[in-house]
Amino acid sequence: MALKTPREKLVVIGNGMAGCRAVQEVLKRDPDRYHITIFGAEPRVNYDRIMLSPVLAGEKAFADIVLNDEAWYADNGIVLHAGHAVEGIDREARLVRAAGGIEVGYDRLILATGSDPIRLPLPGADLNGVVTFRDLDDVEAMIAAARPGAEAVVIGGGLLGIEAAYGLSKRGMSATVIHLLDVLMERQLDASAGFLLTEALAEKGVATELEAQSEEIVGENGRVAGLRLTDGRVLPCDLLVMAVGIRPATGLAKAAGLDVKRGVVVDDTLRTSDPAVYAIGECVEHRGQCYGLVAPIWEMCRTLGDALTGGAATYEGSSLSTRLKVSGVDVFSAGKHLGGVGCEDIVFRDAGRGVYKRIVLEGGKVAGAVLFGDAADGGWYFDLMKSGQDVAAIRETLVFGQAVTEGLRGLDPSAAVAAMADTTEVCGCNGVCKGEIVSAINGQGLTTLESVRAVTKASASCGTCTPLVEKLLKLSLGDAFEIQTGPKPVCSCTPRGHDEVRRRLVAEDLKSIPAVMQALEWTTPDGCSSCRPALNYYLVCAWPGDYRDDTQSRFINERVHANIQKDGTYSVVPRMWGGVTSADELRAIADVVDKFEIPTVKVTGGQRIDLLGVKKDDLPAVWADLNAAGMVSGHAYAKGLRTVKTCVGTDWCRFGTQDSTGLGVRLEKFMWGSWSPAKVKLGVSGCPRNCAEATCKDIGVICVDSGYEIHVGGAAGLHIRGTEILTKVATEQEAIWTICAVMQFYRENAWYLERIYKWMDRIGLPAIKAQAEDPQARRALYDRFAYSQRFFRVDPWAERVAGRDSHEFNPLSRRMEFEPV
Amino acid sequence: MNALVKDPIAWTDVGAVTDIPLRGSRRVPTTGGDIAIFRTGDGRVFALRDRCPHKGGPLSQGIVHGHAVTCPLHNWSIELATGEAMGADRGKGCAPVVPLEVRDGRLFLGRM
Ligand code: SRM
Ligand SMILES: Cc1cc2nc3c(=O)[nH]c(=O)nc-3n(C[C@H](O)[C@H](O)[C@H](O)COP(=O)(O)OP(=O)(O)OC[C@H]3O[C@@H](n4cnc5c(N)ncnc54)[C@H](O)[C@@H]3O)c2cc1C
Ligand code: SF4
Ligand code: FES
């Protein structure tokens, strides 16, 4: 009988995900090769760390997440030292020393120490009730503190922080996530998906504080009582979870003199700088990369199992994908989900189901994906990405997912549509299948897209399936079908027109740009420089006092309240109410010009004075001096009320019939600061000689003996347009009501950048007349305008002198000696 | 540890990432002209010379969308990662890219 060769000694440090899986991989290949010892700092058997989230949420118990129970260790002859952390490695003697005086020699050693959660060094970080989220002890500590009604704050809006907050809220706590940036999980999501996640969490009772920075943990009797933010607010809490990231646990390796950078450095066979020592899992650095997810760890373990049993497998690094484990909130992300140079986005949104998908293509291949609300196809996109397959042939249907695409693969588009099964869903929003559409077309003699929409609802919501529906029409009708065009889209980010956008953002109570983009199924993640300013205006107009103006979606002139000039300087035009000025104002202007060495002072075509060539950094100081003399912004930069030109009227003129100067001043003082689709200029002339050129203004008044003729729709710029007469009123008060009502009607209905004359060409003078001459309609419009003015009749210059948006006017850093590379 | 390799680029701390608004930009004035640092909606940062390849418009004053900025003077769109003009103006010019690194939330500009 041959003697059995003595088994080699394999020691594993770390009884976690990587350590035990590596052992399994070895046993699978050669169960008799090693005598195995595992050290675990945690006093328990191997469990599924990623399932700690459901344990915290009460959706699972610890017993459910055990991966290998005591029997497994026994059956495989593995010695487990649970609760004994290894304290040192003697590479010379090839032995490890652990707590409790245990020493075990090895032939091969595996480091699988995972990583340590980062603790922010905030004052108060050592108070009771401040925990991290890494192991079962942490979870138990959280559960112990989770009294219903108590408050929890989680620092960190990444995957872990969100899962912690969700778990705590499921346990009855009110949980708030604090995140430094304004996008949750910014490393996995884009801004659109991040916004949806914020909303979805709010629905689940998890609040978020974005762009919030922690400053200090406030304690009471040695226990956490709140978190102070840098903006001064204190969020009270009974439990504070830090989920701000992890750091590879490399202490042992470093002390043992192994090569360590961010993690323990390993080669493609997972070997460290000592050939007898291997490392796997989160503690390693492979080809410069550290990982924080399990998928790469499984790949490493396969290679290591092979290497330890005489194989030649190598590990070449992993692509990553992420899913969030919050019940009812499907989130998936992989690869270059933010796109980049040379990348192209395919975006699909389904407002009805709350779905957002962004597939990033690069060189005809899938380079990344973000899925929100329906992540079922995540694995499929991830496979396409990893295989590097060319997807040009399936590009059209790619975003609809695997089921639709595979059904159509390899066919030309119309044959593909013909080949689709009758039960294939065409319209995801309304759940309409191909069969229903075709039978409606044939059975009811439908010939247009509109009629298909009306009868079947297909393509009536998001419109993404419109091309498919059109193909079905074409297929059924042949050349009898002609593709018609709908209203002009806002821009290439959406098929929707301005009217639909305006109507729906009011009807559906949408109060932010991301909310509009999702509900109206924008086809880009972030909009563009055409639609963002338009949406911002529509929201400003629809929700005065409610909507937070998105200054980053405004053109520079409106962002800094001055007109940019060709050399990057700015011009400043203070209001000169109705074109009337005074010695004091003129003196103050002259002083400002001297003080700031302003190169040009010009009288404008709008009856006021323009100071040209002001340096951006000087703007607030210039405004401060003008404010001190009682002058405010003239909004010469605004899609809003600009000038009100007047003539001298009854005050001086021998022909004047009414106080045209006074009316102009009163109009300007009431209407200034209002935003509108395009600029609005007013003129008031005291008699039909019309010295204020009121009949080429957006809204003009010609005073006559018997009252006031109100004119609309003039312009004298790119197009010369005389006004049309709208109506005639008897009193000055009525003139003001009517003009404000027309202004409001225009504000609420026109398309962004559409001046009054163009809007009037589109909707017709009678439509405007109907509003202006119906006392009730006029009153309602006037009231809405007056309400809105409560918020906008403020001097933006004074606000900025007081410090608002100071980042706009100050350079990021002092001037530097600098020769850029 | 590695032997000390001299980094040929000198890095200068110019501020915190969060000093730049999301979808916004800030200027860094230098003796070699202004540099624009952009922060996109997804939190990435880019640095370009603050001069539009068209007629020198200050790109830092434009609207940032996706990974691009639209020049405030005549609406050219410039790709932030490369400084290249995009769309119809592609190939007509480029705003030089300035090396930029983020370390612990701070922005470092690179120079010789
Ligand atoms: C300063 C001024 C010229 C002057 O030196 O007199 C002027 C200057 C500019 N005008 Fe004007 N317009 C000025 C009176 C006019 C007038 C005359 C008037 O208001 O009575 C008109 C014709 C009337 C009209 O508006 O229909 C006029 C028709 C335009 C147009 C064509 C508008 C159109 O719809 O056809 C533009 C282009 C635009 O707005 O898109 C324009 C655009 C501009 C811009 C804003 C160009 C730009 O985008 O940078 C210029 C800004 C210069 C600056 O930084 O201040 N400006 N512009 C006048 C300022 C008036 C004021 O006090 O606010
Ligand atoms: C709450 C939570 C949710 C997660 N969700 C996901 C997810 O959804 N998807 C995903 O892919 N990943 C997820 N992860 C990450 C995943 O759990 C880790 O990537 C994985 O556990 C890493 O495996 P590891 O073996 O390297 O480290 P670990 O699993 O942490 O194992 C390391 C073990 O080594 C022990 N140890 C350390 N030092 C010593 C020592 N000196 N002596 C003895 N023992 C020591 C530690 O106590 C630990 O038990 C999640 C993590 C957490 C905490
Ligand atoms: S006419 Fe042309 S050049 Fe003159 S101010 Fe108006 S926009 Fe500028
Ligand atoms: S200078 Fe930038 S577009 Fe003209």
Side-chain angles (χ1 to χ4, degrees), chain A residues 180-183 186-187 189-192 194 211 213 259-261 337-343 345 493 514 524-533 550-557 559-560 564-570 616-617 805 807-808 810-821, chain B residues 1-2 8-10 12-15 17-24 26-35 37 40-44 47 49-50 55-58 60-70 72-73 75 77 79-82 84 96-99 105 107 109-112:
Chain A
L180 201 55
L181 297 179
D182 77 346
V183 176
E186 80 285 351
R187 282 199 279 166
L189 302 184
D190 62 2
S192 302
E211 293 182 275
Q213 195 163 359
D259 188 4
V260 173
K261 287 182 182 156
H337 64 282
L338 298 177
V341 187
C343 291
D345 291 312
C493 300
T524 53
D526 200 16
C528 68
S529 56
S530 297
C531 59
R532 289 228 317 265
D550 177 19
T551 49
Q552 297 308 330
S553 293
R554 283 189 181 268
F555 182 64
I556 184 67
N557 287 359
R559 207 177 331 134
V560 301
I564 194 165
Q565 303 295 313
K566 62 182 215 170
D567 61 354
T569 63
Y570 286 80
K616 193 182 184 193
D617 307 10
D805 294 344
H807 63 86
E808 283 289 356
N810 303 323
L812 180 60
S813 69
R814 68 190 157 67
R815 189 175 158 86
M816 304 192 313
E817 288 290 330
F818 199 88
E819 272 316 310
V821 178
Chain B
M1 281 301 280
N2 273 341
I9 299 178
T12 310
D13 184 336
V14 290
V17 173
T18 47
D19 289 342
I20 307 178
L22 282 158
R23 288 176 215 86
R26 299 282 301 272
R27 286 170 296 144
V28 175
T30 80
T31 45
D34 280 3
I35 292 169
I37 306 189
T40 57
D42 50 41
R44 296 189 37 185
R49 303 297 294 270
D50 195 13
K55 291 190 174 173
S60 59
Q61 317 294 297
I63 292 184
V64 176
H65 50 98
H67 288 170
V69 61
T70 295
L73 293 195
N75 287 331
S77 272
E79 188 170 66
L80 294 176
T82 59
E84 298 276 356
V97 174
V98 181
L107 296 159
L109 278 179
R111 71 189 146 115
M112 291 298 193

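These numbers were taken from a predicted model, which means no experiment stands behind them. Chain identifiers are assigned alphabetically (A, B, ...) following the order of the sequence lines, protein sequences preceding nucleic acid strands; residue numbering begins at 1 within each chain.
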Euclidean distance, A:D567 CG relative to B:K55 NZ, rounded to 0.5 Å: 13.5 Å
Close side-chain approach of A:E186 and B:D42, heavy atoms under 4.5 Å: no
Euclidean distance, A:S813 OG relative to B:L107 CG, rounded to 0.5 Å: 10.0 Å
Which portion of B:T40 sits near chain A, non-hydrogen atoms under 4.5 angstrom: neither
Straight-line distance of A:L812 CG to B:R26 CZ, nearest 0.5 Å: 5.0 Å
Straight-line distance of A:D550 CG to B:L22 CG, nearest 0.5 Å: 10.0 Å
A:R532 versus chain B, the contacting section by heavy-atom distance below 4.5 Å: side chain
Closest-packed option against chain B by number of heavy-atom pairs under 4.5 Å, given A:H807, A:E817, A:E808: A:H807
Top of A:V560, A:T524, A:N810 for chain B proximity - count of heavy-atom pairs under 4.5 angstrom: A:N810
Test applied, side chain to side chain donor-acceptor pair (under 3.5 Å); reference residue, A:D526; option that passes from B:H65, B:R23, B:H67: B:R23
Toward chain A, the part of B:E79 with a non-hydrogen atom under 4.5 Å: side chain
Over all atoms of both residues, closest heavy-atom pair of B:G41 and A:D182: O-OD1, 4.3 Å
Flag side-chain contact, heavy atom, 4.5 Å: A:M816 against B:V14: yes
Point-to-point distance, once rounded to the nearest 0.5 Å, from OG of A:S530 to CG of B:N75: 7.5 Å
Check: B:G62 main-chain N/O paired with A:R559 side-chain donor or acceptor under 3.5 Å: yes
Euclidean distance, A:I556 CD1 relative to B:T70 OG1, rounded to 0.5 Å: 12.5 Å
For A:R815 against B:T30, the heavy-atom pair lying closest together: NH1-O, 3.6 Å
Heavy-atom pair count under 4.5 Å with chain A, highest-scoring of B:T18, B:L80, B:I20, B:V64: B:V64
Segment of B:P58 engaging chain A (4.5 angstrom heavy-atom cut-off): side chain
